[in-house]
2 protein chains.
Amino acid sequence: MATIKDVAKRAGVSPSTVSRALSGKVPVDKETRERVMEAVRALNYKPNILAKGLKEGRTNTVGLIVPNICNPVFPAVARGVEDVAREHGFTVILCNTDENIEAEKDYVEKLQKRWVDGFIFATAREESQHIFELKEKGFPVVLVVRHMGQAVDAVVIDNYKSSFEAVKYLINTGHRRICIINGDTSLTLYKERFEGYRHALQAAGLPVVPELVLDVAGRDDNGYGAVTAMLKKGILPDAVFATSDPRAIGAIRAIKDCGLSVPGDVSVVGFDDLDISAFLDPPLTTVSQPLYEMGARAARRLIDMINGEKSGQPKVELVEANLVIRKSVKVREH
Amino acid sequence: MATIKDVAKRAGVSPSTVSRALSGKVPVDKETRERVMEAVRALNYKPNILAKGLKEGRTNTVGLIVPNICNPVFPAVARGVEDVAREHGFTVILCNTDENIEAEKDYVEKLQKRWVDGFIFATAREESQHIFELKEKGFPVVLVVRHMGQAVDAVVIDNYKSSFEAVKYLINTGHRRICIINGDTSLTLYKERFEGYRHALQAAGLPVVPELVLDVAGRDDNGYGAVTAMLKKGILPDAVFATSDPRAIGAIRAIKDCGLSVPGDVSVVGFDDLDISAFLDPPLTTVSQPLYEMGARAARRLIDMINGEKSGQPKVELVEANLVIRKSVKVREH
DNA sequence: ATATTTTATGCAAACGATTGTACAAACCTT
DNA sequence: AAGGTTTGTACAATCGTTTGCATAAAATAT
């Protein structure tokens, strides 16, 4: 691999001249510059980013930490992050923690010192102390999808409101026994979605029935088992509000396997609007999160921070989520 | 951020002693080592990987290049790569090209010089000249999922055979008019899957009917449009062999939207076995690729190469894929 | 023509680690 | 007790860049 010295020798100048000719920050004689460029081409020279980063204290690289790469939500966000980063000349390192906080700390530690200029976390939890510390240390950090209070910059949807609207829609279409399949309640996001559910019921004068509240914790558990168990016990909801599309898929499968129809016997509403959700049977009515857009915004925020934009107060940015109505909900008369 | 000098000062030794105490390759007085460790802890010292890489000419980082992060095949592979890499102390940088060869070259260029110690490509095409050049240059390179001839190491399934078996299964279950939804035929993988289809038909004395051969090229096109168009023209197959699960999902939706049933009127076989495929309606009969395993193997191969294992001839490794039979195929009598 | 400013370039130090060489102190040997 | 080992440490060079400072050459001003 050619180094700056090789280029210098070939062009008959010093390394510093080559450096300046390439950076363009300092005037260099036109003819000299051409000789340098010619040598660069001839030797296929590529500046060593390591050395450059070492000197400049900056690598134009950001880390994106996701909890589960196999959940399509995160690839969609990642695409948004990547596109914006590329536009600004940044490279993104995608790290998958599999919800394992130790793995996460490990990644952060590795990437921390000079490797990356900032982080985007899609893994935040209330107790993510290390993220908080990173921020305290002055490291640019932005959260996406999941957030932690108001202390750290974030780009998220209004989970409470979206959930409230979705359940309200079920109520307005005549549903009375609405089951919720909730995710890991130690995540703010699921707490909020549950609150939305609870308040929507409450606002309609409907009770929260414990046997219709299903908690699904495991990383790749889509709730198929929980719904099946409920149905086998003879507990029959008229609708299921799934707090993610994979869980909606699990629920639909479970309902059908019990010989019931969707939405004939039980309506289902999901949350995410994955690429495939429109192609399910029935096409899924679901809360659409603008995942790409969220990733893109998070990236823009992070890059601004890295470029030293005076951030002032951290700000959690709410983006709009909409209920997209397809065919998994049936209007019921009473 | 604390540097090795700060640690040295605090421990009252020289930087070199700190380095040696940490690496453990050279004996250091026990008491000195303890003082060093104590200082390391106190200052929360983390060696600067940039500087280390600069010196050692190695970063313990590998690049994983995927064509479309939103296709669940690649996250599954990525997980395998990541787990093995972590085990060996490597970090993986995941880059998504969105099938854009320019973006890919860009990534490679950026990561090339000293950034990464090797590459895993899931993007290979016959004409991927840059991958070939990288290999020629002595850069460790392994391909996965997609390969290019015998010239570069790869971990793939036997696409021809798997496809042949899947179509043979359809024939054995009484299907005669088998439609294929094929992917981008400039990819070896899809050429092979098509050949498997063709030969299976041929072996059974069945003709290849052009109107039953659907090509779907676009990145996020799941074939819904193509199948709908075919059906609307009154062309009715008794089975669809989709060369990927997303395409199977598109096909099922299209068939149902035309008022037909799966598998009642038309059977469907997919290819991939994604996490959700078992939960579709009907649960999808599909060729199961051991994606995680493929990623893991590719990573192991790459790391061996990086560690200077004499590789000799490049080897393309075939892993087993099996048809998993669920409920999207109906046995037909004639 | 000489003095002054401008422009272009080279030299050398720095970034933060690793490592070969050298040397001092402590231990053995006889 | 003197010579030979062993052991532990420090010094300095090195990796490939960038950049402040110095300087030579060219351009401008007087």
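Residue numbers start from 1 in every chain, and the chains themselves are labelled A, B, ... in the order their sequence lines are given, proteins ahead of strands. What you are looking at is a predicted structure, and each value in this text was computed from that prediction instead of being measured. Scope of the values below: all heavy atoms of this structure, side chains included, with no hydrogens, waters or symmetry mates.
- Side-chain nitrogen and oxygen atoms of B/Lys52 include none within less than 4.0 Å of the OP1 or OP2 phosphate oxygen of C/dG16.
- Contact check for B/Ser128 versus B/Leu143: no side-chain heavy atoms found under the 4.5 Å cut-off.
- Checking D/dC15, C/dT18, D/dT9 against every side-chain atom of B/Ser19, the shortest atom distance belongs to C/dT18.
- In the set C/dG10, C/dA17, C/dT9, the nucleotide with an atom closest to the side chain of A/Val28 is C/dT9.
- A straight line from CG of A/Asp29 to P of D/dA26 spans 11 Å, rounded to a whole angstrom.
- Among the atoms of the strands shown, only primed sugar atoms or phosphate atoms (P, OP1, OP2) are found under 4.0 Å from some heavy atom of A/Thr32.
- The distance from atom CG of A/Leu50 to atom C1' of D/dC15 is 10 Å, rounded to the nearest whole Å.
- Side-chain N/O atoms of B/Asn159 and B/Arg146 include no donor and acceptor closer than 3.5 Å.
- Residue A/Ser16 places its side chain closer to C/dG10 than to any other of C/dA17, D/dG16, C/dG10.
- Separating the NZ atom of A/Lys25 from the C1' atom of C/dT9 is a distance of 18 Å, rounded to the nearest angstrom.
- A donor-acceptor contact under 3.5 Å is not formed by the side chain of B/Arg35 with the base of D/dG8.
- Look at CG on A/Leu22: it is 8 Å from P on D/dT18, rounded to the nearest Å.
- When the P atom of C/dG16 is taken as reference, atom CG of B/Asp6 falls 9 Å away, rounded to whole Å.
- As a whole-Å value, the separation of B/Ile4 CD1 from C/dA14 P is 18 Å.
- With hydrogens and angles left out, the side chain of B/Arg33 and the base of D/dG8 share no donor-acceptor pair within 3.5 Å.
- A close approach under 4.0 Å does not occur between any side-chain nitrogen or oxygen of B/Lys55 and OP1 or OP2 of C/dT19.
- The aromatic rings of B/Phe121 and B/His130 sit perpendicular, their planes meeting at an angle over 60°, well past the 30° parallel limit.
- Protein atom NZ of B/Lys30 is 19 Å distant from nucleotide atom P of C/dA26, rounded to whole Å.
- Applying the salt bridge (charged side-chain N to carboxylate O under 4.0 Å, His left out) test between B/Asp153 and each of B/Arg300, B/Arg297, B/Lys315, B/Lys135 identifies B/Lys135 as the sole match.
- One interatomic measurement links the two molecules: CD of A/Glu56 to C1' of D/dG16, which rounds to 12 Å at whole-angstrom precision.
- Counting only distance, with no hydrogens or angles, the side chain of A/Asp29 and the backbone of A/Glu31 share a donor-acceptor pair below 3.5 Å.
- Residue A/Val13 places its side chain closer to C/dG10 than to any other of D/dT17, D/dT14, C/dG10.
- Along DNA chain D, the nucleotide nearest A/Ser23 and the nucleotide nearest A/Ala51 are compared for position; the residue whose nucleotide lies closer to the 5' end is A/Ala51.
- Regarding contacts with the backbone of D/dA10, a side-chain N or O of B/Thr17 is found under 4.0 angstrom from either OP1 or OP2.
- Of the candidates C/dG10, D/dG8, D/dT17, the closest approach to any side-chain atom of A/Tyr45 belongs to D/dT17.
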